[in-house]
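Taking it in order: structure first as structure tokens, then the write-up.
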2 protein chains.
Amino acid sequence: MSKIDYIKTSEIFKALSNPIRLQMVDFLLDDECCVTDVVNELGISQSASSQHLSILKNSGIVYPEKHGTRTCYKVNNKLTEEIITLLNKNNNA
Amino acid sequence: MSKIDYIKTSEIFKALSNPIRLQMVDFLLDDECCVTDVVNELGISQSASSQHLSILKNSGIVYPEKHGTRTCYKVNNKLTEEIITLLNKNNNA
DNA sequence: TTATAATATTATGATATTCTAATATATAAA
DNA sequence: TTTATATATTAGAATATCATAATATTATAA
């Protein structure tokens, strides 16, 4: 009997199944984090950034920290961190 | 600069972003493997099984081996194996 | 208070996903 | 051959995703 919760885990993968969100998480893991930084880094619209970050937030992968008018997003999911580490370590895609 | 190929990697996650397919891969990693076995194990229709296996095949996660009228699917993706191992090892979902 | 900057939300159209039902294909058995 | 078994494919409906455009919210600055 497997220990994997297929529904919960598949929701994490669903959040990571978009190249923009995957890049966001990779970026947020070791860099600056306010929405404007993400917009500039990834070169996508403000609205799209906000919506993608919202999906990552709702799946429990990131959480927001408000600083004045800015919102700083940080990765807060052990599994996701381990997976990104795995991806950066190996050359398997 | 990240080593991650976001498009390729997100396609793997997309294939794993469905609870049925995730369970399929987990099952195929250490058990019998013909389509009927998958149908019985997961309790889904033959057509749905075939379509999900096709998605896993097209994303390079599994490959088929024909034996008479049966088709045996096997996992053939290092990253996927590592991720499933990670999922089974830890209790993070 | 008004204006500005940063972010979030909503509406909408285009495309993608996933299921079921039906049909097709391929191998083996009778 | 005909029949049965195993698997694959297709069509279609319901739902989900994603980008853009427009608007709303919130916090600070002037």
Side-chain angles (χ1 to χ4, degrees), chain A residues 6-28 31-76 80, chain B residues 6-28 31-76 80:
Chain A
Y6 300 116
I7 293 177
K8 269 194 191 171
T9 309
S10 68
E11 280 165 7
I12 297 290
F13 288 140
K14 191 174 201 173
L16 299 177
S17 74
N18 176 288
I20 289 172
R21 287 195 295 272
L22 194 52
Q23 189 177 1
M24 277 184 170
V25 174
D26 194 26
F27 176 58
L28 291 177
D31 244 301
E32 286 305 307
C33 47
C34 91
V35 180
T36 304
D37 294 328
V38 173
V39 169
N40 293 332
E41 172 77 10
L42 306 205
I44 59 175
S45 75
Q46 180 268 318
S47 179
S49 286
S50 199
Q51 290 179 73
H52 281 303
L53 285 167
S54 182
I55 289 170
L56 290 173
K57 184 184 69 177
N58 292 337
S59 70
I61 292 177
V62 305
Y63 67 98
E65 263 181 12
K66 297 248 178 189
H67 298 108
T69 98
R70 307 205 168 191
T71 307
C72 176
Y73 281 92
K74 298 186 175 179
V75 178
N76 188 32
T80 302
Chain B
Y6 300 115
I7 293 176
K8 269 194 192 172
T9 309
S10 69
E11 281 165 6
I12 297 289
F13 288 141
K14 191 172 200 172
L16 299 177
S17 74
N18 176 289
I20 291 172
R21 287 195 295 271
L22 194 53
Q23 189 177 3
M24 276 183 170
V25 173
D26 194 27
F27 176 58
L28 291 177
D31 243 300
E32 287 305 307
C33 47
C34 90
V35 180
T36 303
D37 294 328
V38 173
V39 169
N40 293 333
E41 172 76 10
L42 306 204
I44 59 176
S45 75
Q46 180 268 317
S47 178
S49 287
S50 200
Q51 290 177 73
H52 281 302
L53 285 167
S54 183
I55 289 170
L56 289 174
K57 185 184 69 178
N58 292 337
S59 69
I61 292 177
V62 305
Y63 67 98
E65 263 182 10
K66 298 249 178 189
H67 297 109
T69 96
R70 307 205 168 192
T71 307
C72 177
Y73 281 91
K74 298 186 176 180
V75 177
N76 188 32
T80 303

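This one's a predicted model, so the numbers in the text were calculated from it and none came from an experiment.
Sorted by first and then second residue, the side chain to side chain donor-acceptor pair (under 3.5 Å) pairs involving residues 41-50 of chain B (not counting sequence neighbours) are B:Ser47-B:Gln51. Judged as a side chain to side chain donor-acceptor pair (under 3.5 Å), the pairs with a partner in residues 17-26 of chain B (not counting sequence neighbours) are, in order, A:Ser2-B:Asp26, A:Tyr6-B:Asp26, B:Arg21-B:His52, B:Asp26-B:Asn88. Sorted by first and then second residue, the side chain to side chain donor-acceptor pair (under 3.5 Å) pairs involving residues 54-64 of chain A (not counting sequence neighbours) form an empty list.
In this structure, B:Cys34 and B:Asp37 have side chains that are in contact, with non-hydrogen atoms separated by less than 4.5 Å. Residues A:Leu56 and A:Thr80 form no side-chain contact, since every pair of their non-hydrogen atoms from C-beta on lies 4.5 Å or further apart. By the 4.5 Å heavy-atom criterion applied to side chains, A:Cys72 and A:Arg70 are not counted as neighbours. Contact of the A:Leu16 side chain with the B:Thr9 side chain is not registered, since no non-hydrogen atoms from C-beta on lie closer than 4.5 Å.
If you check residues 37-47 of chain B against DNA chain D, the residues with a heavy atom closer than 4.0 Å are B:Gln46, B:Ser47, listed by number. A heavy atom lying under 4.0 Å from DNA chain D marks the following residues of residues 50-63 of chain B, by number: B:Ser50, B:Gln51. Of all the residues in residues 65-76 of chain A, A:Thr69, A:Arg70, A:Thr71, A:Tyr73 reach under 4.0 Å from DNA chain C with at least one non-hydrogen atom. Residues from residues 20-27 of chain A lying near DNA chain D, meaning a heavy-atom separation below 4.0 Å, are A:Ile20, A:Arg21 in numerical order.
Rounded to 10°, the angle separating the first-five-pair axis and the last-five-pair axis of the helix from C:dT1-D:dA30 to C:dA30-D:dT1 equals 10°.
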Output, in order, the C-alpha distance, side-chain angles, deciding distance and verdict of side-chain contact (heavy atoms from CB on, under 4.5 Å) for A:Ile55 and A:Met24. CA-CA 11 Å; A:Ile55 289 170; A:Met24 277 184 170; over 6 Å; no
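Every residue meeting the side-chain contact (heavy atoms from CB on, under 4.5 Å) condition with A:Glu11, not counting sequence neighbours, appears here in chain and number order: A:Ile7. By the side-chain hydrogen bond (donor to acceptor under 3.5 Å, both in side chains) test, A:Thr71 is found to be paired with no residue, residues two or more places apart in sequence or in another chain being considered. Judged as a ring-ring contact (aromatic ring centres under 6.0 Å, His included), and not counting sequence neighbours, the contacts of B:Phe13 are A:Phe13.
Taken to the nearest 0.5 Å, the NZ atom of A:Lys14 stands 13.0 Å off from the CG atom of B:Leu22. Taken from CG in B:Leu53 to CD1 in B:Ile20, the straight-line distance is 11.0 Å, to the nearest 0.5 Å.
Of the side-chain N and O atoms in B:Asn18, none sit less than 4.0 angstrom from OP1 or OP2 of C:dT17.
Across all their heavy atoms, A:Val25 and A:Val75 have their closest contact at O-CG2, 3.9 Å. Here the shortest heavy-atom pairing between B:Val38 and B:Cys33 reads CG2-O, 4.5 Å.
Read 5' to 3', the first and last nucleotides of DNA chain D with an atom closer than 4.0 Å to a heavy atom of chain B are D:dA6 to D:dT10.
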